[in-house]
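Right, one structure below, let's go through it.
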Amino acid sequence: MPLLQFDTTLTLTDDEKRQFTDAVTDLYAEEMATTTGHVAVVVREHESSNLSLGRAVDGPLLFLNADVREGRSFERKRAFALAAMELAHERFGVPEANLKVVFSEHAGEEMMGVDRVGGDWSRAEE
């Protein structure tokens, strides 16, 4: 039951946001060995003065805070992070230096919907 939160200085149309969230959901499922039905994605737009990154170059910023179940390997998380950053770079021209991903891991039971409580992730899900 991941929550993928993007904060950006981009200004996106509703269609661009929907296409991006759909693509990110598919990337997450592929790279993290899960299904798409429980993946939540947020896109928040900010004025350029609201976000900062010390290494940034001219251009928009885009940060991803990925709240995920604990248990996946570094390699899986890195593959997803790289894929998400590549998507933002290719689709919106965000300079690579202006992209950042942070993972926060949670026990499965800390991730809830009305109809379910998440379980722990295991390699059996692959």
Side-chain angles (χ1 to χ4, degrees):
M1 297 169 64
L3 176 58
L4 309 176
Q5 302 173 77
F6 290 89
D7 289 280
T8 186
T9 59
L10 290 163
T11 301
L12 303 172
T13 66
D14 289 347
D15 191 49
E16 287 173 321
K17 288 179 200 174
R18 178 61 54 211
Q19 290 177 17
F20 181 70
T21 59
D22 288 348
V24 165
T25 298
D26 290 341
L27 284 174
Y28 186 87
E30 180 181 328
E31 299 295 346
M32 300 293 265
T34 191
T35 59
T36 60
H38 60 288
V39 179
V41 182
V42 176
V43 177
R44 290 184 288 255
E45 297 176 359
H46 299 274
E47 298 292 327
S48 61
S49 60
N50 289 354
L51 299 181
S52 175
L53 180 61
R55 68 171 185 245
V57 298
D58 284 339
L61 302 172
L62 186 133
F63 308 149
L64 165 58
N65 182 18
D67 289 292
V68 301
R69 290 184 292 169
E70 58 192 13
R72 289 182 177 85
S73 68
F74 168 81
E75 291 78 17
R76 280 203 177 281
K77 291 182 282 187
R78 183 66 174 153
F80 171 67
L82 290 172
M85 289 186 282
E86 181 180 347
L87 178 67
H89 174 71
E90 289 180 358
R91 189 163 291 192
F92 304 123
V94 178
E96 290 179 349
N98 295 1
L99 296 161
K100 186 171 185 82
V101 177
V102 175
F103 286 92
S104 299
E105 294 186 287
H106 302 271
E109 67 183 15
E110 294 174 354
M111 305 187 92
M112 303 176 195
V114 171
D115 61 337
R116 67 187 245 173
V117 174
D120 291 336
W121 187 85
S122 70
R123 295 201 182 276
E125 292 184 49
E126 295 185 31

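Predicted, not measured: the structure shown is a model, and the values here were computed from it. Hydrogens, waters and symmetry mates play no part in the numbers below; they use all other heavy atoms, side chains included.
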Remaining members of hydrophobic cluster (4.5 Å side-chain criterion), V42: L3

Under 4.5 Å side-chain linkage, directly or through intermediates, the cluster mates of L53: L51, L61, F63

Side chain to side chain, F20 and L12, heavy atoms closer than 4.5 Å: no

Close side-chain approach of R69 and T34, heavy atoms under 4.5 Å: yes

Ring pair (Phe, Tyr, Trp, His ring centres under 6.0 Å) partners of residues 24-57, not counting sequence neighbours, each pair once: Y28-F80

Residue pairs, two or more places apart or on separate chains, that pass salt bridge (charged side-chain N to carboxylate O under 4.0 Å, His left out) and touch residues 19-41: none

Separation of T8 OG1 from L64 CG (nearest 0.5 Å): 11.5 Å

Approximate separation, where rounding is to 0.5 Å, of F103 CZ and E70 CD: 14.5 Å

Quick one: salt bridge (charged side-chain N to carboxylate O under 4.0 Å, His left out) partners of [X], sequence neighbours excluded?
{"X": "D7", "answer": "R44"}
{"X": "K100", "answer": "none"}
{"X": "E45", "answer": "K17"}

Joint cluster assignment, L62 & V102, ILVMFWY side-chain distance < 4.5 Å: no

T9 to S48 - nearest heavy-atom pair and separation: CG2-CA, 3.7 Å

Any residue meeting side chain to side chain donor-acceptor pair (under 3.5 Å) with N98, in chain and number order, not counting sequence neighbours: none

Residues forming a side chain to side chain donor-acceptor pair (under 3.5 Å) with E86, sequence neighbours excluded: none

Side chains of residues 88-97: which donor-acceptor partners sit under 3.5 Å, not counting sequence neighbours?
from, atom 1, to, atom 2, distance (Å)
H89, ND1, V94, O, 2.8
R91, NH1, Q19, O, 3.2

Residues which pass side-chain contact (heavy atoms from CB on, under 4.5 Å) with E75, listed by chain and number, not counting sequence neighbours: S73

